[in-house]
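For clarity, every value in this text was computed on a predicted model and none was experimentally measured.
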Amino acid sequence: MSKPDYQATNLPLWDFLTILASEGVDFLLSGEEDKVPLSSFDYEKTTICLFFSANWCRPCQSFTPKLVQLYNMLRTMGKELEIVFISLDHDEDGFNAHFETMPWLTVPFDVNLHKKLRERFHVVRIPSLVPLNLDVQSVEEDLIGLIEDFGEDAFPFTKKRREELKAIDDSMRQGGKIDQLLAHPGRDYVVASDGGKVLVSKLIGKTVGLYFGAHWCPPCRAFTAQLVEAYNQLLSSRGDCFEVVLVSSDRDQKEFDVNISSMPWLALPFEDRTRQDLCRIFNIKVIPALVLIGPDGKPISTNGKKIITLYGAKAFPFTQSSIEEIEESLRKEGDSLPRQIQDIKHQHVLKLDMAKAYVCNYCERQGKFWAFSCDACDYDLHPTCVEEAS
């Protein structure tokens, strides 16, 4: 059987083999230091990717375990995938330390050879994953991001596959089914702070807040207190029409356990990948964040944090019309108040101001929205605490 003309059919693969041949390399190494001849690969059936990485690189150290998990999963599923490590380490000790964490093959350590490969495949940052025998026009440009977002579902790493996965995400986000967002065939429940399990089906028909947060994050701890207050107010005034589910970004199970212990609501299990999926589906880039899902299962707002911070439980059911009603009520309240007053308890003129939150200097209780504030010093009064000078 004649050897395929790789130069005619696949330029990246041909260039890879040509560069190796120019350095007298006709084999790859396995973890057992066995030599694997380049001629032993079925290049037409196997997806081959070059993995440019280095032991000194923190992002590489973080990504490599994810790639190992994906590689093992796909191989177990019978997918024809091979990965070849191209080291950008400074010395052989770094190369050996990094490669021993990998289950795939590697090009023998050679700084000059690795430099040629890096330049040929235009690698400007690491980690970088470069497929060799896929149509260049069809390959998704950011394979690292694709794998971090979708795991093994990203295979075979094409633009078409990215579009298919994005369409699935869009359907999940807008589909109106809370059980599809929060559950999957292997898990039909969420967990409570006491370790109990609550069926996701119990949430159907409720307004649900997906709370993206972490215990290590100080802004999250501050917002948690505001959300707890609103949650408890709604629980006492409206029953169980509103539920919150924590989508944790904690760093480990112990931290997650501490986090959920301070919360009166539910959470996705820490070990479940659905946490990462929801961050991707709702494009969560910063925490804390609160996504509000209506009783029909469709998103009300992805900016629930702002709604709770500004209006608390008063904003329920968190729809645009309910927010507009609150704002109209606040405008009417503001129109009924004087623009400034002279209170007998303070020497300066106090001006009407809109504040997200403040503490009244007279009654020492927290207030929101309208306040009479001093421009000259840090002094605020509830409108109900005003005693105007005669």
Side-chain angles (χ1 to χ4, degrees), residues 3-31 35-61 63-64 66-68 70-71 80-99 101-148 154-162:
K3 185 177 179 181
D5 184 359
Y6 298 122
Q7 186 174 17
T9 60
N10 193 302
L11 190 58
L13 177 58
W14 171 260
D15 284 354
F16 174 65
L17 297 175
T18 300
I19 291 172
L20 293 188
S22 72
E23 297 293 324
V25 177
D26 60 359
F27 63 88
L28 301 174
L29 294 175
S30 70
K35 294 182 179 181
V36 180
L38 291 171
S39 59
S40 65
F41 289 98
D42 186 341
Y43 294 107
E44 293 182 350
K45 292 183 179 180
T46 304
T47 298
I48 300 174
C49 296
L50 303 183
F51 180 46
F52 292 84
S53 184
N55 195 52
W56 51 261
C57 167
R58 286 189 178 183
C60 298
Q61 293 279 4
F63 178 72
T64 299
K66 300 175 185 176
L67 188 59
V68 169
L70 174 139
Y71 177 83
E80 298 289 342
L81 171 68
E82 190 52 76
I83 295 175
V84 179
F85 172 42
I86 311 297
S87 171
L88 297 186
D89 288 293
H90 305 305
D91 53 50
E92 197 159 0
D93 287 341
F95 161 77
N96 289 330
H98 202 27
F99 182 54
T101 67
M102 303 173 185
W104 45 74
L105 304 175
T106 184
V107 169
F109 183 77
D110 183 318
V111 172
N112 291 329
L113 172 59
H114 297 166
K115 181 180 178 182
K116 286 184 178 180
L117 290 169
R118 183 187 66 204
E119 291 174 349
R120 161 57 187 89
F121 293 103
H122 310 292
V123 175
V124 295
R125 63 180 181 274
I126 54 174
S128 185
L129 196 65
V130 180
L132 289 182
N133 52 346
L134 294 176
D135 178 4
V136 174
Q137 298 302 316
S138 70
V139 173
E140 168 59 29
E141 293 180 3
D142 181 15
L143 288 197
I144 301 296
L146 184 67
I147 290 169
E148 287 186 323
F155 190 80
F157 315 132
T158 60
K159 292 178 181 178
K160 179 182 178 182
R161 184 57 180 156
R162 161 76 83 173

Got a second to check how far L129's CG is from L146's CG, nearest 0.5 Å? 10.0 Å
Side-chain (T101) to main-chain (H98) donor-acceptor, under 3.5 angstrom: yes
Residues which pass side-chain contact (heavy atoms from CB on, under 4.5 Å) with S128, listed by chain and number, not counting sequence neighbours: F52, V123, V130
Evaluate the side-chain contact (heavy atoms from CB on, under 4.5 Å) criterion for residues W56 and I126: first the C-alpha distance (whole Å), next the side-chain angles of each, then the deciding distance (0.1 Å), finally the verdict. CA-CA 11 Å; W56 51 261; I126 54 174; 3.9 Å; yes
Can you tell me how the ring of F109 sits relative to the ring of F95, calling it parallel under 30°, perpendicular over 60° and tilted otherwise? tilted
Looking at every heavy atom in both S53 and F85, which two are closest together, and how far apart are they? O-CE1, 3.6 Å
Sequence neighbours left out, what passes side-chain contact (heavy atoms from CB on, under 4.5 Å) with S40? Give chain and number order. V36, P37
Measuring from atom CG of L28 to atom CD of E82, what distance do you get when rounded to the nearest 0.5 angstrom? 8.0 Å
Output all residues satisfying side-chain contact (heavy atoms from CB on, under 4.5 Å) with T18, sequence neighbours left out; order by chain, then residue number. W14
Nearest atoms (heavy-atom pairs only) where F99 meets L29: CZ-O, 3.8 Å
In Å, rounded to the nearest 0.5 Å, how long is the span from CG of L67 to CD1 of I147? 5.5 Å
Any non-hydrogen side-chain atom of L132 less than 4.5 Å from a side-chain atom of C49? no
Considering non-hydrogen atoms only, spot the tightest contact between C60 and P127 and give its length. SG-N, 3.5 Å
Residues which pass side-chain contact (heavy atoms from CB on, under 4.5 Å) with V25, listed by chain and number, not counting sequence neighbours: L20, E23, P108, L113
Rounding to 0.5 Å, atoms CG (L70) and CZ (F63) come to a distance of 7.5 Å
Could you tell me which non-hydrogen atom of E80 sits nearest to which non-hydrogen atom of F155, and how far apart they are? O-CZ, 4.2 Å
Please list all pairs passing the salt bridge (Lys or Arg N to Asp or Glu O under 4.0 Å) test where one or both residues lie in residues 49-59, with sequence neighbours left out. none
side-chain contact (heavy atoms from CB on, under 4.5 Å) for V84 and T106? Distances and angles first, verdict last. CA-CA 5 Å; V84 179; T106 184; 5.6 Å; no
Approximate separation, where rounding is to 0.5 Å, of R125 CZ and C57 SG: 11.5 Å
Say you draw a straight line from CE of M102 to CD1 of I83; how long is it, rounded to the nearest 0.5 Å? 9.5 Å
For L81 and F157, work out which heavy atoms get closest and say how close. CD1-CE1, 4.1 Å
Please answer whether the main-chain N or O of I86 pairs with a side-chain N or O of H114 as donor and acceptor at a distance below 3.5 Å. no
Hey, could you give me each pair passing salt bridge (Lys or Arg N to Asp or Glu O under 4.0 Å) that has a residue in residues 87-96? Not counting sequence neighbours. none
Between N55 and G94, which heavy-atom pair has the shortest distance, and what is it? CB-O, 3.4 Å
F16 vs L117, test: side-chain contact (heavy atoms from CB on, under 4.5 Å). Steps then yes/no. CA-CA 7 Å; F16 174 65; L117 290 169; 3.8 Å; yes
